[in-house]
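The structure appears right after this line, and notes come after that.
Every number for a ligand or one of its atoms is a count from 1 in the order of the listing.
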Amino acid sequence: MILKGDTIKIASIVGARPQFIKLIPIVKAINSSINNSYKIKHLIIHTGQHYDYLMNKVFFDELQIPEPDYNLEVGSGTHGYQTGTMLKKIEEVLLKEKPNIVIVYGDTNSTLAGALAAVKLHIPIAHIEAGLRSYNKLMPEEINRILTDHISTYLFCPSKTAVKNLKKEGIKKGVYLVGDVMYDTLLITLEIAKNKDHTIIQKLNLKPKEYALVTIHREENTTNFEIFNSIFSAIVEIANNGLTVVFPVHPRTRKVINTIFSDFSLPSNLLLIEPISYLDMILLEANSKVILTDSGGVQKEAFFLKVPCITLRQETEWIETVKLGWNTLAGTQKEKIIKAVFNLNKGKKYYLPYGKGKAAQKIVNKILSFCLK
Ligand code: UD1
Ligand code: UDP
């Protein structure tokens with residue numbers, strides 16, 4: 001029971017690139033909820049899943065997210081090693097800090113480890129981005145989501161589909177439709193971007209709406225040679241056909257390209273660049289003719305920015321983007337990908353199935369009201 005003048009302690013557990021991006025509006029909403037009746041301490045626990053500057057610190061620096069209170073420096077490894085090490089280290093922090101509630105974000109190994117550590121200590125869990133399903137259990141993220149949803153106390157869903165998915169699994173209690181925090185982040189960032197000079201388009205010598213933007217990092221697309229070769233050959237052919245391709249390469253994918261394609265001469269209009277900051281990414285997305293991706297976050301950003309998207313997977317959790325005609329599920333076959341790029345579908349209908357950019361404030365209001373009950 002929290003009394004007037006007490007401190008409400010909220011712990012956010014993050015670790016991977018998209019989680020830093022989802023954290024931004026939550027930090028902002030918590031800061032704007034501080035009032036005279038109670039104090040709020042927002043602890044940020046970083047598992048260290050992502051650690052390269054361009055996968056990690058760049059987001060804290062650029063978007064002014066407070067430094068994490070803890071960095072557990074777990075780093076890379078097999079799923080068991082990574083999740084297990086996180087679980088042990090997160091538990092130590094939770095035992096010491098005794099937060100009133102733990103927030104976990106999305107579907108990474110950091111999400112599952114955070115939720116498992118909290119549930120065993122009987123700390124309530126708020127899951128942001130609850131209820132998403134691909135119905136493909138070969139994806140590590142699908143396992144992380146299902147398990148996290150089933151042990152969460154409060155499930156914050158980005159879409160009606162997510163609420164329905166939970167209902168199918170018998171989860172009805174504690175479910176709230178709030179919208180997508182990534183839309184909140186995008187709106188906040190577009191405001192910040194207005195007041196800053198951006199040079200990425202000039203730096204890369206790009207013409208707006210005359211290039212394709214690519215990201216690939218899913219385990220299932222990067223660990224099977226045939227699948228990766230098929231996707232990468234499609235991208236090379238698209239560039240050979242005259243469309244400039246900008247590809248900020250995730251470190252997982254960089255390793256594969258360096259191993260398999262180091263002896264290949266690639267077209268000069270295929271720009272393989274390092275991962276980029278969020279502001280640069282948004283700018284590249286907004287100005288692209290088409291986006292090809294296997295990322296969850298990038299599919300949605302393409303939709304929010306009304307850029308046609310080609311998803312390099314067989315299924316998506318963000319099915320509204322497909323139903324509205326802005327996203328094409330091309331899979332991983334070379335010919336299908338090329339065909340999709342040169343027969344672009346531009347959405348015919350547009351509405352916002354993922355809220356209006358106020359998801360974080362709704363989540364924080366609910367969390368505070370639970371804590372004060
Ligand atoms: C993870 C998430 C995925 C999310 C993605 C966001 C899981 C199971 N997967 O995938 O859901 O979409 O983050 O980007 O949690 N590496 C580096 N430097 C880094 C980070 C990673 O070199 O800073 C390399 C390492 O070789 C590592 C590999 O990338 O083994 C994969 O990293 P990992 O965090 O395990 O998975 P992601 O593919 O990043
Ligand atoms: N992103 C970024 N720089 C990059 C690539 C992606 O800032 O070089 C952002 C992107 O705009 C989106 C998020 O990272 O907000 C998506 O993360 P990622 O694709 O790694 O993971 P997923 O969303 O698939 O879990």
Side-chain angles (χ1 to χ4, degrees), residues 14-25 46-60 62-63 73-83 85-86 104-114 129 132 134 138-145 147-148 158 180-186 188-190 200 213-223 246-256 258-259 272-286 288 291 293-305 307 309 311-313 316-318:
V14 292
R17 171 167 68 188
Q19 294 171 324
F20 312 137
I21 292 164
K22 290 165 198 175
L23 176 65
I24 294 161
H46 185 328
T47 62
Q49 177 168 355
H50 285 174
Y51 44 86
D52 289 350
Y53 179 78
L54 292 172
M55 295 296 290
N56 169 32
K57 200 155 182 317
V58 66
F59 302 102
F60 289 82
E62 182 183 65
L63 300 160
E73 294 181 351
V74 171
S76 305
T78 61
H79 287 282
Y81 166 82
Q82 195 179 50
T83 314
T85 312
M86 286 174 189
V104 293
Y105 300 76
D107 54 18
T108 73
N109 287 347
S110 298
T111 317
L112 177 61
E129 235 183 50
L132 294 180
S134 63
L138 292 175
M139 284 179 81
E141 293 83 2
E142 184 75 353
I143 307 297
N144 292 341
R145 294 176 192 131
L147 297 179
T148 302
D180 179 24
V181 288
M182 285 188 86
Y183 188 46
D184 298 21
T185 307
L186 181 70
I188 295 169
T189 311
L190 289 176
I200 183 122
L213 176 66
V214 173
T215 79
I216 306 166
H217 75 277
R218 291 254 92 82
E219 186 172 282
E220 58 273 30
N221 281 348
T222 52
T223 49
V246 185
F247 183 174
V249 188
H250 186 290
R252 174 198 276 283
T253 316
R254 175 66 73 181
K255 284 189 184 152
V256 183
N258 287 350
T259 314
L272 298 179
I273 60 174
E274 291 299 301
I276 50 180
S277 78
Y278 182 71
L279 276 172
D280 280 349
M281 186 65 182
I282 293 300
L283 208 71
L284 276 188
E285 286 174 351
S288 60
I291 294 176
T293 190
D294 61 9
S295 156
V298 175
Q299 281 176 65
K300 278 180 292 169
E301 285 160 358
F303 174 77
F304 296 141
L305 295 164
V307 175
C309 183
T311 294
L312 308 168
R313 291 176 48 196
T316 179
E317 300 75 24
W318 305 100

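In this structure, Glu274 has no heavy atom closer than 4.0 Å to ligand 2. Using a non-hydrogen distance threshold of 4.0 Å, Gln82 registers as a contact of ligand 1. Contact between Met182 and ligand 2 is present, with at least one heavy atom of the residue lying under 4.0 Å from the ligand. Ligand 2 has at least one atom lying under 4.0 Å from a heavy atom of Glu285.
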Pair Arg145-Glu129, side-chain contact (heavy atoms from CB on, under 4.5 Å): steps then yes or no | CA-CA 9 Å; Arg145 294 176 192 131; Glu129 235 183 50; over 6 Å; no

Can you check side-chain contact (heavy atoms from CB on, under 4.5 Å) on Met86 and Leu112, steps first, answer last?
-> CA-CA 9 Å; Met86 286 174 189; Leu112 177 61; over 6 Å; no

Checking ring pair (Phe, Tyr, Trp, His ring centres under 6.0 Å) for the pair Phe304/Tyr183: CA distance, chi angles, key distance, verdict?
-> CA-CA 7 Å; Phe304 296 141; Tyr183 188 46; 4.4 Å; yes

Please walk me through it: do Leu147 and Ile143 pass side-chain contact (heavy atoms from CB on, under 4.5 Å)?
-> CA-CA 6 Å; Leu147 297 179; Ile143 307 297; 3.8 Å; yes

side-chain contact (heavy atoms from CB on, under 4.5 Å) evaluation trace for Leu305 with Leu186 = CA-CA 9 Å; Leu305 295 164; Leu186 181 70; 4.3 Å; yes

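Of all protein heavy atoms, the one lying nearest to atom 5 (C) of ligand 1 is His217 NE2, 3.6 Å. Of the protein's non-hydrogen atoms, the one nearest atom 34 (O) of ligand 1 is Gln49 NE2, 3.0 Å. Protein heavy atom closest to atom 19 (C) of ligand 1, with residue, atom name and distance, is Tyr51 CZ, 3.5 Å. With respect to atom 27 (C) of ligand 1, the closest heavy atom belonging to the protein is Ser76 OG, 3.3 Å. Nearest to atom 4 (C) of ligand 2 among the protein's heavy atoms is Arg17 NH1, 3.3 Å. In this structure, atom 38 (O) of ligand 1 lies nearest to the protein heavy atom Arg252 NE, 2.6 Å. Counting only heavy atoms of the protein, atom 22 (O) of ligand 1 lies nearest to Pro251 CB, 3.2 Å. At the top of the distance list for atom 26 (O) of ligand 1, counting protein heavy atoms only, stands Lys255 NZ, 2.4 Å. Scanning the protein for heavy atoms near atom 21 (O) of ligand 2, the closest one is Pro18 CG, 3.5 Å. Nearest protein heavy-atom neighbour of atom 3 (C) of ligand 1: Glu141 OE2, 3.2 Å.
Under the 4.5 Å side-chain criterion, counting only non-hydrogen atoms from C-beta, Leu54 is not in contact with Ile276. Inter-residue side-chain proximity for Val74 and Tyr51 is flagged as unmet; no heavy-atom pair is nearer than 4.5 Å.
Ring geometry for Phe60 against His46 counts as parallel: the plane angle stays under 30°, on a 0 to 90° scale with 60° as the upper cut. By the 30° and 60° cut-offs, the orientation of the rings of Phe20 relative to Phe59 is tilted.
The shortest N/O to N/O separation between Thr215 and ligand 2 does not fall below 3.5 Å. Among the atoms of Glu301, some N or O lies under 3.5 angstrom from an N or O of ligand 2. At a 3.5 angstrom cut-off on N or O pairs, His79 does not count as close to ligand 1. Where the criterion is an N or O separation shorter than 3.5 Å, residue side chain and backbone included, His250 fails it with respect to ligand 2. Some N or O of Ile276 is nearer than 3.5 Å to an N or O of ligand 2, by distance alone. At least one N or O atom of His50, backbone or side chain, sits closer than 3.5 Å to an N or O atom of ligand 1. Annotation: Gly296 places an N or O atom under 3.5 Å from an N or O atom of ligand 2; distance criterion only.
The closest non-hydrogen atom to atom 6 (C) of ligand 1, taken over Ala16, Pro18, Gly15, comes from Pro18. Across Asp107, Asp52, Thr253, Asn109, heavy-atom proximity to atom 8 (C) of ligand 1 is greatest for Asn109. With atom 22 (P) of ligand 2 as the reference point, the heavy atom nearest to it among Gly106, Pro275, Ser295 is part of Ser295. Atom 23 (O) of ligand 2 has its nearest heavy-atom neighbour, among Ala16, Gly297, Ser277, in Gly297.
For Gln82 and Thr47, the side-chain atoms include no donor-acceptor pair closer than 3.5 Å. A donor and an acceptor atom, one from each side chain of Tyr105 and Ser110, are nowhere located under 3.5 Å apart. Counting only N and O atoms by type, the side chains of Thr215 and Thr293 include a donor and acceptor under 3.5 Å apart.
Against a heavy-atom cut-off of under 4.0 Å, His250 is close to the following atoms of ligand 1: 14 (O), 37 (P), 38 (O), 39 (O). With ligand atoms numbered from 1 in the order given, ligand 2 contributes 24 (O) to contacts under 4.0 Å with heavy atoms of Arg218. For ligand 2, the atoms closer than 4.0 angstrom to any heavy atom of Phe59 are 7 (O). Near Ile21, meaning under 4.0 Å from one of its heavy atoms, ligand 2 places the atoms 9 (C), 13 (C), 14 (O), 15 (O). Atoms of ligand 2 found under 4.0 Å from any heavy atom of Pro248 (numbered from 1 in listed order, with element): 8 (O). Taking a cut-off of under 4.0 Å to the non-hydrogen atoms of Arg218, the atoms of ligand 1 that pass are 3 (C), 4 (C), 11 (O), 12 (O).
Contact detail for Asp294 and Arg218: the closest heavy-atom pair is O-NH1, 2.8 Å. Residues Glu285 and Leu213 share a closest heavy-atom pair of CG-CD2, 3.5 Å.
Without hydrogens or angle criteria, Gln299 side chain to Cys309 main chain gives no donor-acceptor distance under 3.5 Å.
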